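Read through the structure below, which is laid out as structure tokens, and then see the notes.
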There are 2 protein chains.
Amino acid sequence: MLQFTKSTEYGLIGLVHLADRRGEVVSVREIAGTYKISRRHLGESLKALCRAGLLKSQRGVHGGYRLALEPEQVALSTIVAALEGEPALTSCETDHAESAGCHVEPHCPIRSPIQRIRQGLWRQMEQTSLRALIDEPLALPGAPSPIEHLNLFPRGN
Amino acid sequence: MLQFTKSTEYGLIGLVHLADRRGEVVSVREIAGTYKISRRHLGESLKALCRAGLLKSQRGVHGGYRLALEPEQVALSTIVAALEGEPALTSCETDHAESAGCHVEPHCPIRSPIQRIRQGLWRQMEQTSLRALIDEPLALPGAPSPIEHLNLFPRGN
DNA sequence: GGATATGGCACTAAAATGATGCTGTTTCCG
DNA sequence: CGGAAACAGCATCATTTTAGTGCCATATCC
Ligand code: SF4
Ligand code: SF4
């Protein structure tokens with residue numbers, strides 16, 4: 001349905017929260033409590049981000065997580081890839097080639113164009129840093145694009 | 001999982017096929033046969049596109065579908081909206097406000113930035129016409145944008 | 001050594017999607 | 001006229017994906 005998973009949402013919330021308190025080690029309990037979300041589920045997301053190297057963990061009684069990198073260095077694409085994989089858009093693009101998947105592939109009329117769309121989306125995420133997610137000036141639609149340091153659509157616009 | 005549904009894929013295949021044979025009335029049977037996909041499922045997608053006004057149908061023994069508009073006039077966003085709805089990305093953006101959904105909403109740190117991402121994706125689809133899907137010269141981003149007029153989907157949300 | 005944290009899976013429940021069934025209506029054509 | 005072929009509109013079932021928990025191990029502080 002062209003939607004982020006909850007895991008991704010939780011991970012993003014956690015990342016933003018951790019970015020706000022950079023340097024500190026913050027526990028899952030605290031973050032989940034702040035936003036009233038499932039402690040366990042948030043924990044799973046942060047675990048995944050930790051495995052992906054975006055976070056560093058500290059165990060033990062005063063344990064928790066902290067950012068492994070500066071917010072400017074983390075691309076949204078990396079986050080999403082860690083939490084729900086790269087977007088595929090069509091079934092023939094999935095990692096495990098799924099040869100059994102699609103009979104159309106040899107002469108599929110939409111494969112290539114859709115890949116272009118996907119690349120555009122991916123590029124947009126690559127060019128959006130965690131920093132950009134943080135200092136969000138509540139931009140409204142219609143206003144000139146608030147995204148300065150990234151040019152999403154080189155065509156027209 | 002950030003992926004188009006099969007219904008959308010089928011619909012797109014049908015549209016591209018119909019665009020190739022503009023003016024003619026082509027049956028679901030023929031299209032499904034060409035690409036070896038489920039006749040029924042393709043039928044459902046084309047029905048939906050017909051209800052959305054993108055196709056015109058002709059019943060009866062030599063019936064089928066044909067484009068209701070020129071390929072230049074129909075935006076990918078319109079197609080996707082007809083087949084799987086507008087992308088929401090997060091659960092708080094779904095149409096039926098789902099008040100019960102998210103406790104975070106009042107002070108959600110990621111809501112607004114994610115909406116920006118969604119708008120960018122949507123805009124990309126708005127600016128991609130069916131025509132652009134057809135004559136796919138493996139264009140790289142930077143190509144001239146094909147669609148100027150007709151925004152069939154004045155989004156409120 | 002106990003309390004509190006993360007680490008890593010496996011597992012169940014719920015939701016979305018994929019696919020099909022069924023009945024009706026329209027149109028052609030013999 | 002009457003049947004075949006095609007779309008129209010739902011309803012229904014099966015499959016896949018996602019959301020959410022369970023369980024136990026390990027690490028750290030006190
Ligand atoms: S080959 Fe075409 S129809 Fe098959 S999965 Fe890829 S995009 Fe879809
Ligand atoms: S308010 Fe924030 S956490 Fe809640 S659904 Fe929207 S984006 Fe996700």
Side-chain angles (χ1 to χ4, degrees), chain A residues 1-11 14 18 24-33 36-66 68 80 83-85 87-91 94-96 98 100-102, chain B residues 1-11 14 18 24-33 36-53 55-66 68 80 83-85 87-91 94 96 98 100-102:
Chain A
M1 201 226 288
L2 220 38
Q3 184 171 1
F4 284 138
T5 63
K6 278 287 183 194
S7 294
T8 300
E9 261 185 54
Y10 289 161
L18 287 171
E24 298 177 60
V25 170
V26 185
S27 71
V28 170
R29 169 188 298 271
E30 178 185 320
I31 302 176
K36 307 268 192 314
I37 58 181
S38 157
R39 193 178 302 173
R40 292 284 272 103
H41 205 162
L42 173 63
E44 291 298 323
S45 292
L46 296 191
K47 277 185 216 175
L49 290 173
C50 197
R51 280 191 284 264
L54 298 181
L55 294 180
K56 284 183 179 172
S57 70
Q58 179 172 334
R59 291 186 175 185
V61 63
H62 289 143
Y65 294 96
R66 60 190 171 86
V80 171
L83 289 169
E84 60 180 296
L89 248 45
T90 59
S91 25
T94 60
D95 312 336
H96 42 294
E98 284 303 323
C102 184
Chain B
M1 202 224 288
L2 220 37
Q3 185 171 359
F4 283 138
T5 64
K6 278 285 185 197
S7 295
T8 299
E9 263 186 50
Y10 289 161
L18 287 171
E24 298 177 62
V25 170
V26 186
S27 71
V28 171
R29 170 188 298 269
E30 178 186 318
I31 303 177
K36 307 270 192 313
I37 57 182
S38 158
R39 193 177 304 172
R40 293 285 271 102
H41 204 163
L42 173 62
E44 291 298 324
S45 292
L46 296 193
K47 275 185 219 175
L49 290 173
C50 197
R51 281 191 282 262
L55 294 179
K56 285 182 178 173
S57 71
Q58 178 173 334
R59 291 188 174 184
V61 62
H62 290 142
Y65 293 96
R66 61 191 171 85
V80 172
L83 288 169
E84 60 180 295
L89 283 196
T90 57
S91 25
T94 60
H96 41 295
E98 284 303 323
C102 183

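Below, read A as the first sequence line, B as the second, and so on, with proteins coming before strands; counting in each chain starts at 1. The model shown is predicted, which means the values in this text are computed figures rather than measured ones.
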For [X] and [N], what is the distance between atoms [atom1] and [atom2] respectively, to the nearest whole Å?
X: B:Gln58; N: D:dA8; atom1: CD; atom2: P; result: 11 Å
X: B:Arg39; N: D:dC7; atom1: CZ; atom2: P; result: 10 Å
X: A:Arg51; N: C:dG8; atom1: CZ; atom2: C1'; result: 7 Å
X: B:Leu42; N: C:dG18; atom1: CG; atom2: P; result: 14 Å

How large an angle, rounded to 10°, do the end axes of the helix from C:dG1-D:dC30 to C:dG30-D:dC1 enclose when each is built from five base pairs?
->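 One end's axis against the other's: 0°.
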Phosphate OP1/OP2 of [N]: any [X] side-chain N/O under 4.0 Å:
X: A:Ser57; N: C:dA5; result: no
X: B:Tyr65; N: D:dA8; result: yes
X: A:Arg29; N: C:dA5; result: yes

So what does [X] touch, heavy atoms closer than 4.0 Å: a base, only the sugar-phosphate, or nothing?
X: B:Gly60; result: base
X: B:Gly43; result: nothing
X: A:Glu84; result: nothing

Atom pair CG/CD of B:Leu42 and B:Glu9 - distance to nearest 0.5 Å |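 Result: 12.0 Å between the selected atoms.
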D:dG20 base / A:Lys6 side chain donor-acceptor hit below 3.5 Å =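 Counting by modelled atom types and ignoring angles, no donor-acceptor contact under 3.5 Å is found here.
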Check: D:dC7 base within 3.5 Å donor-acceptor of B:Glu44 side chain =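 Per atom types, no contact qualifies.
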Between D:dA6, D:dC29, C:dG8, which one does the side chain of A:Arg40 approach most closely?
->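 Of the options given, the side chain of A:Arg40 lies nearest C:dG8.
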Report yes if some heavy atom in the side chain of B:Tyr65 is under 4.5 Å from a heavy atom in the side chain of B:Lys47; otherwise report no.
->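 Heavy-atom side-chain distance check passes, below 4.5 Å.
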Apply salt bridge (Lys or Arg N to Asp or Glu O under 4.0 Å) to A:Arg29 and list each qualifying residue two or more places apart in sequence or on a separate chain.
->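 Scan of A:Arg29 (salt bridge (Lys or Arg N to Asp or Glu O under 4.0 Å), adjacent residues dropped) gives none.
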